Amino acid sequence: MQPISNILNKIITGDSKEELKKISDNSVDCVITSPPYFCQREYGGGGIGNEQKVEEYIEKLVMIFKECVRVIKPTGTIVFNLGDKYIDGNLLLVPYRFAIEAQKTNKVKLLNELTWVKVNPAPKQCLKKLIPATEPFFIFVKDDEYYFNRDAFLDFKDNLCGCKKKPSKDVGKKYFELIEQSELSTEEKKQAVKELNEVIMDVMQGKIESFRMKIRGLHALPYGGQAGGRLTQIENKGFTIIKIYGNSMKKDVIESTVETIKGNIHPAIYPEFIIQEIMKMLTKEGDIVLDPFLGSGTTAVVAQKLKRKYIGIEIHSEYVKYAENRIKENANNHTLDLFL
Ligand SMILES: C[S@@+](CC[C@H](N)C(=O)[O-])C[C@H]1O[C@@H](n2cnc3c(N)ncnc32)[C@H](O)[C@@H]1O
């Protein structure tokens with residue numbers, strides 16, 4: 001074992017099967033990684049991926065997964081991205097075989113399968129098959145105390161194109177006319193206008209997304225269960241205001257192109273954008289993110305951009321050198337742009 005401080009913001013050249021053993025229990029906040037896919041390519045260096053049988057591959061992967069479970073804190077999360085494989089025209093469902101075996105360790109819960117929808121999947125020759133265009137990112141936790149900032153996931157969408165679009169200056173205007181035309185008493189009308197002005201202010205200040213107003217004699221009365229309270233309001237004061245809170249749905253899907261980076265020597269990088277959104281959701285500034293299959297360094301680069309600390313392990317020294325350069329260039333890029 002070595003003190004975690006010795007390996008922060010470093011890439012270890014080596015086999016993660018051995019190197020993970022040197023990391024202490026409960027010391028890392030999050031693991032985000034993409035192991036080599038089964039029988040996909042020869043990386044060299046004797047790593048995982050080219051076993052004779054898929055069962056053997058899964059067994060090796062689960063051994064590494066167990067080490068990841070050991071090293072994460074109780075608040076931590078583990079994200080494994082895997083691709084599938086056809087053998088003799090038969091889809092093996094490799095990612096799901098892994099997820100099922102990982103669950104059998106009884107040390108984790110599978111929280112989500114976040115599906116990456118590839119906007120530009122690799123074209124395939126076979127005309128009698130659809131083109132695979134998705135990959136799972138499995139999110140595991142080992143304790144119910146896991147850190148999870150759901151609002152941070154794809155948050156720019158909320159601000160740019162979702163519910164938080166600028167409210168119209170006419171918001172709620174029609175209700176002033178309806179109040180005026182209504183059968184409400186002068187006192188009730190005065191109160192309705194007052195509350196309408198307040199709720200319009202809430203929309204303008206972004207506190208709520210929108211609202212509806214129901215006025216006695218003009219709108220159909222609400223009925224049943226929860227509407228009971230509203231019915232009483234309409235009867236007693238002549239109106240009710242239903243506030244609509246902007247809470248865009250956070251779905252388990254993320255769209256992104258398959259990325260290439262100019263001059264990249266690594267054949268299988270995952271998109272910075274996806275890692276950025278996952279890292280925002282599962283970690284805070286200063287947290288430690290580990291990638292036991294670092295490849296070209298994507299996880300480390302995103303950690304650097306988001307002010308998290310990283311630990312990378314990569315068996316192939318050429319990739320380690322490439323990743324180190326990528327991280328250095330990223331640090332020199334003062335804008336540290338995030339992908340939107
Ligand atoms: C799919 S790639 C990861 C790519 C990475 N996510 C990126 O964006 O660049 C898997 C990497 O794992 C490395 N690898 C394979 N077996 C390994 C092992 N036992 N220990 C450490 N690294 C290994 C391979 O050399 C390869 O670079």
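Bear in mind the structure is a predicted one, so any value in this text is a computation, not a measurement. We're numbering straight along the sequence, starting at 1.
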Problem set entry | side chain to side chain contact (heavy atoms under 4.5 Å, CB included) between V258 and W116, worked out | CA-CA 10 Å; V258 178; W116 167 18; 4.1 Å; yes

Exercise. For L8 and I311, what are the C-alpha separation, side-chain angles and deciding distance, and is it a side chain to side chain contact (heavy atoms under 4.5 Å, CB included)?
Worked result: CA-CA 6 Å; L8 288 185; I311 301 167; 4.1 Å; yes

Problem set entry | side chain to side chain contact (heavy atoms under 4.5 Å, CB included) assessment of N149 paired with Y147 | CA-CA 7 Å; N149 181 3; Y147 176 82; 3.6 Å; yes

For this session: Please report the C-alpha distance between K22 and E19 in whole Å, then the side-chain angles of each, then the deciding distance to 0.1 Å, and finally whether the salt bridge (Lys or Arg N to Asp or Glu O under 4.0 Å) criterion is met.
Result: CA-CA 6 Å; K22 300 176 193 164; E19 298 302 327; 3.1 Å; yes

For this session: Test salt bridge (Lys or Arg N to Asp or Glu O under 4.0 Å) on D144 and K109 and set out the steps.
Result: CA-CA 9 Å; D144 290 337; K109 288 180 191 166; 2.8 Å; yes

Problem set entry | From CA spacing to verdict: side chain to side chain contact (heavy atoms under 4.5 Å, CB included), I58, V94 | CA-CA 8 Å; I58 299 286; V94 179; 4.1 Å; yes

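More than 12 non-hydrogen atoms from other residues, nucleotides or ligands lie less than 6.0 angstrom from CE of M204. Within 6.0 Å of atom NZ in K107, 12 or fewer heavy atoms from other residues, nucleotides or ligands are found, so the atom counts as exposed in its surroundings. Within 6.0 Å of CD on E59 lie no more than 12 heavy atoms contributed by other residues, nucleotides or ligands. The neighbour count for Q52 CD, taken as heavy atoms of other residues, nucleotides or ligands under 6.0 Å away, does not exceed 12. Other residues, nucleotides and ligands contribute at most 12 non-hydrogen atoms within 6.0 Å of the CD atom of E255. By the 6.0 Å contact criterion, CD1 on I131 is enclosed, its count of non-hydrogen atoms from other residues, nucleotides or ligands being greater than 12.
In this structure, E195 CD and T240 OG1 are separated by 8.5 Å, a value rounded to the nearest 0.5 Å. Note that the NZ atom of K214 and the CD atom of Q233 stand 12.5 Å from one another [nearest 0.5 Å]. Separation of atoms CD1 (I87) and SG (C39) is listed at 5.0 Å; rounding is to 0.5 Å. A distance of 13.5 Å separates NZ of K309 from CD of Q304, quoted to the nearest 0.5 Å. In this structure, CZ in R150 is found 14.5 Å from NZ in K280, a value given to the nearest 0.5 Å. Between atom CZ of residue F293 and atom CD1 of residue I315 there is a gap of 8.5 Å, rounded to the nearest 0.5 Å.
Judged purely by atom type and a 3.5 angstrom limit, D15 uses its side chain to pair as donor or acceptor with the backbone of K17. Using modelled atom types, no side-chain atom of N81 and backbone atom of F137 make a donor-acceptor pair closer than 3.5 Å. Formation of a donor-acceptor pair under 3.5 Å by the K237 side chain with backbone atoms of E188 is not found in this model. Judged purely by atom type and a 3.5 angstrom limit, R212 has no side-chain atom pairing as donor or acceptor with the backbone of I242. Formation of a donor-acceptor pair under 3.5 Å by the E314 side chain with backbone atoms of I11 is not found in this model. Judged purely by atom type and a 3.5 angstrom limit, K250 uses its side chain to pair as donor or acceptor with the backbone of D151.
Between E145 and K73 there is no salt bridge, since no side-chain nitrogen of the basic residue lies less than 4.0 Å from a carboxylate oxygen of the acidic one. Note on K328 versus E324: no salt bridge recorded, every NZ/NE/NH1/NH2 to OD/OE distance being 4.0 Å or above. Ion pairing between a basic and an acidic side chain is recognised when a charged N comes within 4.0 Å of a carboxylate O; K321 and E318 show no such pairing. With respect to R70 and E67, a salt bridge is recorded, a charged nitrogen being found less than 4.0 Å from a carboxylate O. Salt bridge K104/E101: present, at least one basic N to carboxylate O contact under 4.0 Å. Contact check on R326 versus E329 returns no salt bridge, with no Lys/Arg side-chain nitrogen under 4.0 Å from an Asp/Glu carboxylate oxygen.
Of all heavy-atom pairs between A102 and V108, the closest is O-CG2, 3.6 Å. Closest approach of I32 and D291 over heavy atoms only: O-CG, 3.1 Å. V253 and L154 get closest at one heavy-atom pair: O-CD1, 4.3 Å. Considering all non-hydrogen atoms of both residues, L282 and V79 come closest at CD1-CG2, 3.5 Å. Looking at every heavy atom in both residues, I64 comes nearest to L20 through CG2-CD1, 3.7 Å. Closest of all the heavy-atom pairs between S182 and I179 is OG-O, 2.7 Å.
A donor atom on one side chain and an acceptor atom on the other are found under 3.5 Å apart for Y37 and E135. Side-chain contact check for Q191 and E187: no donor-acceptor pair (N or O, by modelled atom type) lies under 3.5 Å.
When side chains are defined from C-beta on, K60 counts as touching E51, because their heavy atoms get closer than 4.5 Å. Between L111 and F148 the shortest side-chain heavy-atom distance falls below 4.5 Å. At a threshold of 4.5 Å between non-hydrogen side-chain atoms, the residues N9 and Y310 count as touching. In this structure the side chain of T299 never reaches within 4.5 angstrom of the side chain of T33, judged on heavy atoms. In this structure the side chain of V31 reaches within 4.5 angstrom of the side chain of P292, judged on heavy atoms. Counting heavy atoms from C-beta outward, P271 and T257 have side chains that stay 4.5 Å or more apart. Within the 4.5 Å cutoff, the side chain of I72 has no heavy atoms near those of the T77 side chain. You'll find the side chain of I215 stays beyond 4.5 Å of the side chain of Q181, heavy atoms only.
Using bins of under 30°, 30° to 60° and over 60° for the plane-to-plane angle, the ring pair F65/F80 lands in the perpendicular bin. Between F211 and Y175, the ring planes lie tilted relative to each other; the angle falls in the 30° to 60° range. Between F140 and F98, the ring planes lie perpendicular to each other; the angle is over 60°, past the 30° to 60° tilted range.
Geometrically, K85 does not engage Y57 in a cation-pi contact, judged by NZ or CZ lying under 6.0 Å from the ring centre and within 45° of the ring axis.
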